[in-house]
Amino acid sequence: VCIHRVRSCSGIRFIKSKYVCVFDKSALKFSHQQRLFRTSPVSCGQIVQFKLSDIGEGITEVTVKEWYIKEGDSVSQFDSICEVQSDKASVTITSRYDGVIRKLHYSIDDIAFVGKPLVDIEIDASKGVAPEEDVVETPPMSHEEHTHQEIKGHKTLATPAVRRLAMENNIKLSEVVGTGKDNRILKEDILNYLAKQTGAILPPSPKAEIVPPLRKTEAVPAAPKDKAHRIPVPVSRPIAFSGKDKTEPVTGFQKAMVKTMSAALKIPHFGYSDEIDLTQLVQLREELKPLAEIRGVKLSFMPFFIKAASLGLLQYPILNASLDENCQNVTYKASHNIGVAMDTEQGLIVPNVKNVQVCSVFDIAVELNRLQSLGSAGQLGTSDLTGGTFTLSNIGTIGGTYAKPVILPPEVAIGALGKIQVLPRFNGKGEVFKAQIMNVSWSADHRIIDGATMARFSNLWKSYLENPALMLLDLK
Amino acid sequence: MVLQSLKNCLWLSCVLRTPKACFWSTASGGLIIQSVSNDVYQNLAVEDWIHDHMDLEKQQILFLWRNSPAVVIGRHQNPWQECNLRLLRQKNIKLARRRSGGGTVYHDLGNINLTFFTTRKKYERMGNLKLIVKALKALRPQLDVHVTDRYDILLDRQYKISGTAAKLGRANAYHHCTLLCNADKFVLSSVLRSPYKGLKSNATPSVPASVKNLFEEDPSLTSEMLLDAIAKEYAVQHQIDHHVTLINPADETLLPGISNKTKELQTWEWVYGKTPKFSVSTCLKISYKDSVIDVKVNMDVKHGKIEVCNIDLPEQWLPPGLYNELVKNLTGSKFCPNETTTLVTTLLRVCPQDDELHSRWSLLCENMIRLM
């Protein structure tokens with residue numbers, strides 16, 4: 001394993017002369033030690049029985065509530081091993097040694113006894129171990145002590161991985177401020193220190209990437225006193241972050257979305273987009289907003305968009321229909337239950353406003369307020385989330401102009417609204433004026449809806465919004 | 001009582017150029033601090049921070065805090081067993097899991113919280129509680145208050161006015177307790193009553209007790225007076241100045257890393273996910289059309305997620321394909337009403353479009369959701 005490292009190191013030297021593989025002897029030896037007891041299945045160290053220490057107040061037994069490690073895990077000194085409880089007190093037991101867990105003496109909910117073994121830890125043979133002492137807690141480190149960087153001993157409060165990172169980047173642990181438990185130095189502290197030195201913006205969590213060599217000429221924002229500190233040399237080796245990929249199963253709501261979206265993409269979509277001049281609507285809303293507020297309701301643009309859509313659906317009911325599984329029958333839905341896509345912590349959810357065809361713009365606003373507050377509290381009910389027949393997605397509140405929305409089965413159409421932008425347009429007289437422009441992108445099921453129908457619906461919807469007085473004429 | 005504001009301290013610290021050191025290290029053997037926030041998560045985060053970062057060899061700390069309405073469960077408890085989660089959600093009452101052991105309590109501004117920070121060696125709960133009783137008696141000598149061997153404080157020998165919990169770490173420890181001054185007892189009893197049936201778990205159960213507010217005993221008492229009296233007694237016993245320093249739990253410079261701690265306390269993974277493994281075994285009585293059908297439900301929940309899900313439906317009540325889809329999707333999903341609602345309504349989109357089917361599905365799912 002060691003040899004492999006050196007070989008790859010020289011390989012790098014040949015291929016990329018810019019990068020110099022600098023592994024000084026102590027680092028190599030150190031990492032060798034780490035590898036040895038991590039990968040070797042054969043026990044080569046001394047097994048120590050770590051006993052449950054005194055809890056105080058004369059307590060002799062506790063209940064084991066949670067294990068933070070399992071057999072085979074590596075632990076460093078001060079890592080949490082388990083949580084035990086005794087009479088309203090919850091106690092975190094931390095490891096006294098660096099090593100590998102070889103045996104857990106108790107299961108969850110077992111009673112553990114003070115002074116009896118809790119876990120068996122295999123300690124690296126070369127380090128040796130202090131003779132059996134019942135744990136009298138060592139006092140927390142005072143500020144002076146952790147300036148001593150002792151790689152072999154345990155005085156520095158930093159795990160072996162952190163120490164190696166510091167060494168690879170030529171950083172003295174004494175110069176790094178630790179923000180972990182007992183002023184322990186964490187990986188983030190090393191990264192922050194590096195960022196300050198070079199002015200580079202390092203990613204917040206370590207990722208497996210190679211950062212280009214740091215140049216001396218790069219701005220160093222640190223105070224003049226840092227001149228004495230080491231700044232990485234111009235021809236330096238890449239900083240490799242030892243991040244790991246994280247794999248999680250797809251569960252719950254996400255899993256259901258996978259199924260729905262897979263079904264959705266089986267629908268042959270076609271798109272149709274247009275630009276709407278909302279100048280008049282913007283003005284109208286400005287007038288109506290305070291009146292709605294007096295009634296205790298927040299009035300956005302959505303109630304207008306929704307009502308206009310419903311008026312359009314009255315003329316083109318096929319857009320408010322549903323095609324059955326075998327594509328044998330089309331059901332024209334009587335209710336216009338218009339869904340409004342909402343972005344929540346969980347993801348995209350689509351509650352719908354029921355029976356828009358008999359609601360006023362104000363009614364819709366009230367209902368939207370209710371759905372929005374329930375949505376952000378995570379309290380929407382099943383009836384709010386089912387029965388939708390047509391959907392509008394106001395992605396423009398986040399950003400964007402054009403979109404290619406995906407139809408939500410069992411519906412057959414969906415519209416995505418871009419953000420409202422102030423743009424120059426020509427009026428009838430050929431003059432340039434300030435217009436409030438919003439783009440809409442429709443998607444529809446091409447099995448039962450044709451382009452012309454979609455276009456005509458869109459034009460009607462557009463006319464209602466560009467000239468709100470027209471809505472008044474057709475209101476039911 | 002002199003309240004030394006943080007501003008003064010910071011001004012002083014600017015002069016000395018060591019802000020943290022100035023605030024935290026006093027020449028004396030103790031420090032009394034009070035939170036300016038009523039957010040339960042922020043205040044719990046302060047406790048975590050002090051526990052993790054402070055050297056308590058030379059000085060002990062008393063932390064005073066109050067929260068806006070919240071239910072706080074112990075480290076190893078089961079929120080479904082302990083409180084009415086539905087009611088909490090409706091009333092917008094927060095749910096927090098603390099790091100110390102013990103039982104469930106209800107907090108509002110009529111309840112004060114006291115945390116005694118010491119090194120692990122100096123951890124001693126009885127002494128702290130006796131200090132509180134001494135302070136109360138000094139304030140109102142006629143009060144009949146005493147400490148039980150369960151570390152409760154009783155009023156008139158029967159009403160619990162304070163509950164205790166503790167956390168021990170490697171080097172430090174803290175003991176915290178509540179004190180009922182003028183809390184809303186009606187809300188307290190309704191939120192601390194769990195409606196969930198059929199739960200089986202090894203989580204620490206709470207021991208219910210009759211409670212009373214000190215205010216009921218003596219209406220002239222206020223939370224401020226009690227806080228002051230206790231701070232005074234602490235100051236006397238630790239031979240320090242009787243002044244209380246205000247602390248802002250959102251101050252990242254004073255408490256580096258505190259916002260991460262606050263965030264962690266609010267994650268679903270901590271509040272619900274840390275519930276010890278439990279099982280739900282119950283029979284739903286679903287009235288459908290003119291009859292009532294019995295549906296046996298058995299679920300195992302681990303880390304707050306449904307590990308195993310068994311629903312015993314009458315044959316063909318739901319088409320088998322659909323039934324399997326429901327069970328498959330519930331498995332691995334969070335035992336959470338919101339997650340389940342969005343899950344089942346999303347799945348409904350790809351079910352055959354049949355009104356009868358949809359109403360059965362919705363009915364079954366709504367009943368399942370009520371278990372959460």
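- From B:L364, atom CG reaches atom OG1 of A:T382 across 11.0 Å, with rounding to the nearest 0.5 Å.
- For chain B, the nearby part of A:I349 is the side chain; its heavy atoms alone come within less than 4.5 Å.
- With rounding to the nearest 0.5 angstrom, the NZ atom of A:K65 is 9.0 Å from the CD atom of B:Q77.
- Taken to the nearest 0.5 Å, the CG atom of A:L408 stands 9.0 Å off from the OG1 atom of B:T346.
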Passes side chain to side chain contact (heavy atoms under 4.5 Å, CB included), B:N338 versus A:F253? Steps please. CA-CA 9 Å; B:N338 191 32; A:F253 172 56; over 6 Å; no

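- Of the candidates B:H76, B:K274, B:K167, B:R99, B:K167 is the only one forming a side-chain hydrogen bond (donor to acceptor under 3.5 Å, both in side chains) with A:E83.
- For B:K277, no part lies near chain A; criterion is any non-hydrogen pair under 4.5 Å.
- The two atoms that bring B:C351 and A:E325 nearest to each other are C-OE2, 4.4 Å, heavy atoms only.
- B:R89 touches chain A through backbone and side chain together, each having a heavy atom under 4.5 Å away.
- Chain A forms the most heavy-atom pairs under 4.5 Å with one residue out of B:L348, B:T164, B:N92, and that residue is B:T164.
- The only option from A:V91, A:I93, A:T92, A:V84 that meets the side chain to side chain contact (heavy atoms under 4.5 Å, CB included) definition with B:L168 turns out to be A:V91.
- Put simply, the side chain of A:E411 reaches to within 4.5 Å of the side chain of B:R349, judged on heavy atoms.
- When each of B:P352, B:C365, B:G163 is checked for heavy-atom pairs under 4.5 Å with chain A, B:P352 comes out on top.
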Report the C-alpha separation of B:T204 and A:Q85 in whole Å, then their side-chain angles, then the decisive distance to 0.1 Å, and conclude whether the side chain to side chain contact (heavy atoms under 4.5 Å, CB included) test is met. CA-CA 9 Å; B:T204 315; A:Q85 182 169 252; 2.8 Å; yes

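- Chosen from A:T331, A:D109, A:V250, A:T386, the residue pairing most often with chain B at heavy-atom distances under 4.5 Å is A:D109.
- The closest side-chain heavy-atom distance from B:S333 to A:K255 is not below 4.5 Å.
- Crowding of A:K354 atom NZ: a count of heavy atoms from other residues, nucleotides or ligands under 6.0 Å exceeding 12.
- If you tally non-hydrogen atom pairs under 4.5 Å between each of A:M257, A:Q254, A:K259 and chain B, the highest count goes to A:K259.
- The line from OG of A:S383 to CD of B:E366 is 7.0 Å long, rounded to the nearest 0.5 Å.
- Neither the backbone nor the side chain of B:P276 comes within less than 4.5 Å of any heavy atom in chain A.
- Side-chain contact between B:D152 and A:K88: present, with at least one pair of heavy atoms (C-beta onward) separated by less than 4.5 Å.
- Chain A forms the most heavy-atom pairs under 4.5 Å with one residue out of B:K328, B:E124, B:R75, and that residue is B:R75.
- For the set A:G378, A:P249, A:S322, A:A264, the entry with the most heavy-atom pairs within less than 4.5 Å of chain B is A:G378.
- The minimum heavy-atom distance linking A:G252 with B:E339 is given by the pair CA-OE2, 3.5 Å.
- Nearest approach of A:S90 to B:G101, heavy atoms of both residues: CB-N, 3.4 Å.
- In this structure, the separation between CG on B:L343 and OG1 on A:T251 is 9.0 Å, given to the nearest 0.5 Å.
- Within a 6.0 Å radius of CZ in B:R370, no more than 12 heavy atoms belonging to other residues, nucleotides or ligands are found.
- The candidate from B:V344, B:V350, B:T345 with the greatest count of non-hydrogen atom pairs under 4.5 Å with chain A is B:T345.
- Contacts of A:D384 with chain B are absent, with no heavy-atom separation under 4.5 Å from either backbone or side chain.
- For chain A, the nearby part of B:I369 is the side chain; its heavy atoms alone come within less than 4.5 Å.
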